[in-house]
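Please read these numbers as outputs of a predicted model, since none were measured by experiment. Letters A, B, ... are given to chains in the order of the sequence lines, protein chains preceding strands, and every chain is numbered from 1.
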Amino acid sequence: MSRIAQLKATAAVAGILVPLAASGVAWAQDAVNLRMTIWSANEAHLAMFNEIAAGFQETHPNVTVTFEPLPFENYTTTLTTQIAGGNPPDLAWVLETTAADFVNSGALAPLSEAFSTTEGYELDDVTEQATALWRRDGELYAYPFSTSPFAIFANNDLITEAGARTPAELIEAGEWTWENAFDVAAQVASGTEADGLVVRDFNYQVWQNLASIWRGWGAAPWSDDGRTCTFAEPAMVDAMTRIHQAIFAEGAMPGPGESVDFFAGDAAMTITQISRASLLPQEDPFDWDLVPLPKGPAGEYAVVGQAGVGAFAAGENVETAVDFLAYMTNPENSQKLAQFFPPARASLLNADTLATTNPLLSPEQLEAVVIDGIANGQVLPGHTNFAQIQQTVRAGLDALWVEDADVPAVLQSVCSSLSPLLSR
Amino acid sequence: MHMRLAADTTPRKPAFWTMARRDAASGYAFIAPQLVGISIFVLLPLGLVFYYSLHEWNVLANTFTFVGDANYQMLLRDPNLPQVLWASAVFSAGLVVLNMSLALLLAVLLDQKLKGMVIFRTLFFSPVVVSLVAWTIVWSFLLQANGGINGMLAMIGVEGPNWLRTPSTAMISVIVVQVFKNVGLNMILFLAALQGVPKELYEAARVDGAGRFKQFRRITLPMISPTILLTSIITIVGSLQVFAQIAILTKGGPGVSTTVLVYYLYQQAFQFNFFGYGSTLSILLFAIVAVLTFIQWQMRKRIVFYEN
């Protein structure tokens, strides 16, 4: 190649590369990559989130959103470790139990103004009851994107095999009470190879899930203002005595250290959230039903688990993160989210809308369990410094999960350990 | 001649790069990467942990406040700490006694010249190379109330306890799981030491009429005492750092009966977000390990027999 040809080639290459490099620098400066931690690695969930992120990118071409699944069991621990290590995400799912910690600490960015000024957002459509946990001094700090009622999945095949009445039959007869539910569970446990009733994810560690039972007795772990322990109150003593009896005297519930999976067909009933319907067996299915929690001595009740999404106030891209959150939870995307996570928007809380996104559930099940549950449900107990409280109560309740436990004495002892933490 | 003599006796300026200096420089060059690594990954974090222990660090509120010795004062008042230290001591004592006795017994048995010994050595050593988490998860299934251990006991008509949920058996279970995991390592070290004991010593002892137990006590134990010292230091330090087994098997329960110091500091720092107090607990752990290692090292003068 001659010298002139070399110069020409160099000029041509430079002519192509220099503008590209210049525009590349501009892209790099404007590019924003939002990171959001979630606790689901479910492919269908991730596909839906990525679809929503792709929609946001159409109007914000410089923004990409990465969803980072963290294991559920250590979700909050991993999240706070990321924050301590100087690598906080821009957005995060927050559990109802730790809502007080995140909302009260000032870790999350305020959302009310951004949501109100977003065209078509219709913040008024989001029920006040659903946002109660996520507000401080009237300001919203996280969006309650999932309000999921606890309900009972029943294996009618096992129940019929044991000669017991199914929950649907008991509901029809107006006899769907905890006494009868425990009775059905005990009959299956003694009359078949399977177990009775499983409180899913409880494992004699995650005691707050027992709220799905003790609320039927009107019991609560602490007073409404969160400052007084009520574990030793008569309602809780009665509820825990009944649970203890169901485990150790009747064998209606698997004991501590026993591993039983309802969805594998190993138990008559399980208390869990409706999103677990995806675990129902596709091959060799059993005849299942989804029913509301039974009536307790204190009457009918419902319990919900909640999750919020917040944007971190100390992040580098707070404004963009809040904009994305507004987009992610607008009416259109809330409908997409509703196929997995029961929505907080009143306009979506009807059997027609939910039926299109929850094909496994019948309109009757959606009405009785989801809509009524969200409308009347109390959220699982949460508190500031919940992790320490959770651990302290767990250690105290270990003494309850033995055959000859003195229930009132154990619960009194739990209060002795817990009271100093509540009054701080 | 005179001129040449004068030139020869003129003292030369010594060269800077003497053999000794060259050796020293190459020595420093060899250890430099390790020194840099230790400084960045050991000494710096150690200093930072001490620095954090003087602060109250609220991760969520993004506050980092100097509190002086407040965390150390809290250490003295912590009502859980005596139980935690007791659990740590029980775990360490149980592990060291069981691990070392079993390792020595296995090493003595496998030191025999019989067919198939290589297979047995591999078999006993294999848990050492298995992932700790996988090993512990498998054991958690075996030890649950309706698990494999109780299933086997039921076959011989024995009703097993709820191993991980009963205070009296939970700690024993955690110790046994850890012993089976790591006994192979000490066994191999003991085996190597046993094979280094001169055979003529045993022959001389036999001529003098010493029995097998006396030979073991008066020859074997003294001759392998340096290895016993090494393995005891490694085992004790390792036992004080146990974490994954507790996290998987018992989560510190029932009650706080298996909450050892490392698990407790993990709870304080990473679960409860008390990073300052968690750092203080890790300084306490460092001090305990340092003191125990120093005591063992000093004891070598009395109990360790060096042939030379």
Side-chain angles (χ1 to χ4, degrees), chain A residues 73-74 76-86 88 92 94 98 100-108 195 203-206 254-260 266 310 312-315 384-392 394-403 410 413-414 416-417 420-421, chain B residues 48 52 55 57-64 77 79-80 83-84 87 137 140-150 160-170 173 247-259 263-264 266-279:
Chain A
E73 198 172 308
N74 298 314
T76 304
T77 304
T78 311
L79 181 57
T80 49
T81 307
Q82 285 188 357
I83 299 167
V94 181
T98 53
D101 281 331
F102 279 86
V103 171
N104 296 333
S105 64
L108 302 175
D195 269 280
N203 291 333
Y204 292 84
Q205 303 269 354
V206 189
E258 290 179 31
S259 177
V260 179
D266 296 337
F312 282 96
T384 310
N385 287 333
F386 185 77
Q388 193 178 14
I389 287 170
Q390 210 287 340
Q391 165 62 21
T392 304
R394 195 277 301 153
L397 286 180
D398 278 344
L400 190 66
W401 311 128
V402 291
E403 201 159 358
V410 171
S413 160
V414 167
S416 302
S417 312
L421 301 180
Chain B
L48 278 174
Y52 293 152
H55 292 78
W57 183 5
N58 186 328
V59 172
L60 290 180
N62 200 22
T63 56
F64 190 71
R77 295 192 308 270
N80 292 324
Q83 285 172 287
V84 169
I137 288 173
S140 73
F141 285 115
L142 291 175
L143 287 166
Q144 64 188 17
N146 54 354
I149 302 285
N150 282 351
N162 199 344
W163 297 98
L164 298 172
R165 304 280 319 183
T166 309
S168 56
T169 56
S173 305
I248 294 167
L249 291 175
T250 63
K251 290 193 166 57
V256 288
S257 61
T258 57
T259 305
Y263 191 72
Y264 188 57
Y266 159 78
Q267 283 183 328
Q268 293 289 335
F270 296 100
Q271 290 189 319
F272 307 163
N273 294 324
F274 301 147
F275 281 87
Y277 187 54
S279 301

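- The shortest heavy-atom contact between F272(B) and A387(A) is CE2-O, 3.3 Å.
- Proximity to chain A is limited to the side chain of Y266(B), based on heavy atoms less than 4.5 angstrom apart.
- Contacts of Y204(A) with chain B are made by both backbone and side-chain atoms, with heavy-atom separations under 4.5 Å.
- Other residues, nucleotides and ligands place more than 12 heavy atoms under 6.0 Å from the CZ atom of F64(B).
- With a 4.5 Å cut-off on non-hydrogen atoms, Q82(A) does not touch chain B at all.
- Of the listed residues A313(A), S259(A), A399(A), the one with more heavy-atom pairs under 4.5 angstrom with chain B than any other is S259(A).
- Closest non-hydrogen pair, L60(B) versus A107(A), comes out as O-CB, 3.3 Å.
- Within the 3.5 Å criterion, the main-chain N or O of P254(B) finds no donor-acceptor partner in the side chain of R394(A).
- For a residue to count as touching a neighbouring chain, one of its non-hydrogen atoms must lie under 4.5 Å from one of that chain's; by this rule Q390(A) does not touch chain B.
- Taking OG1 of T80(A) as the start and CD of Q271(B) as the end, the distance is 9.0 Å to the nearest 0.5 Å.
- For a residue to count as touching a neighbouring chain, one of its non-hydrogen atoms must lie under 4.5 Å from one of that chain's; by this rule D101(A) touches chain B with backbone and side chain alike.
- Both the backbone and the side chain of F270(B) come within less than 4.5 Å of a heavy atom in chain A.
- Between the side chain of N162(B) and the backbone N or O of P256(A), at least one donor-acceptor pair lies under 3.5 Å.
- When all heavy atoms of G257(A) and N146(B) are compared, the closest pair comes out as O-OD1, 3.6 Å.
- Among the candidates A61(B), S257(B), G255(B), the residue making the largest number of heavy-atom pairs closer than 4.5 Å to chain A is G255(B).
- With a 4.5 Å cut-off on non-hydrogen atoms, N273(B) touches chain A through its side chain but not through its backbone.
- The candidate from K251(B), R165(B), Q267(B), Q268(B) with the greatest count of non-hydrogen atom pairs under 4.5 Å with chain A is R165(B).
- Heavy-atom distances place the side chain of Q391(A), and not its backbone, under 4.5 Å from chain B.
- Neither the backbone nor the side chain of W163(B) has a heavy atom closer than 4.5 Å to any heavy atom of chain A.
- Residues A145(B) and E258(A) share a closest heavy-atom pair of CB-CG, 4.0 Å.
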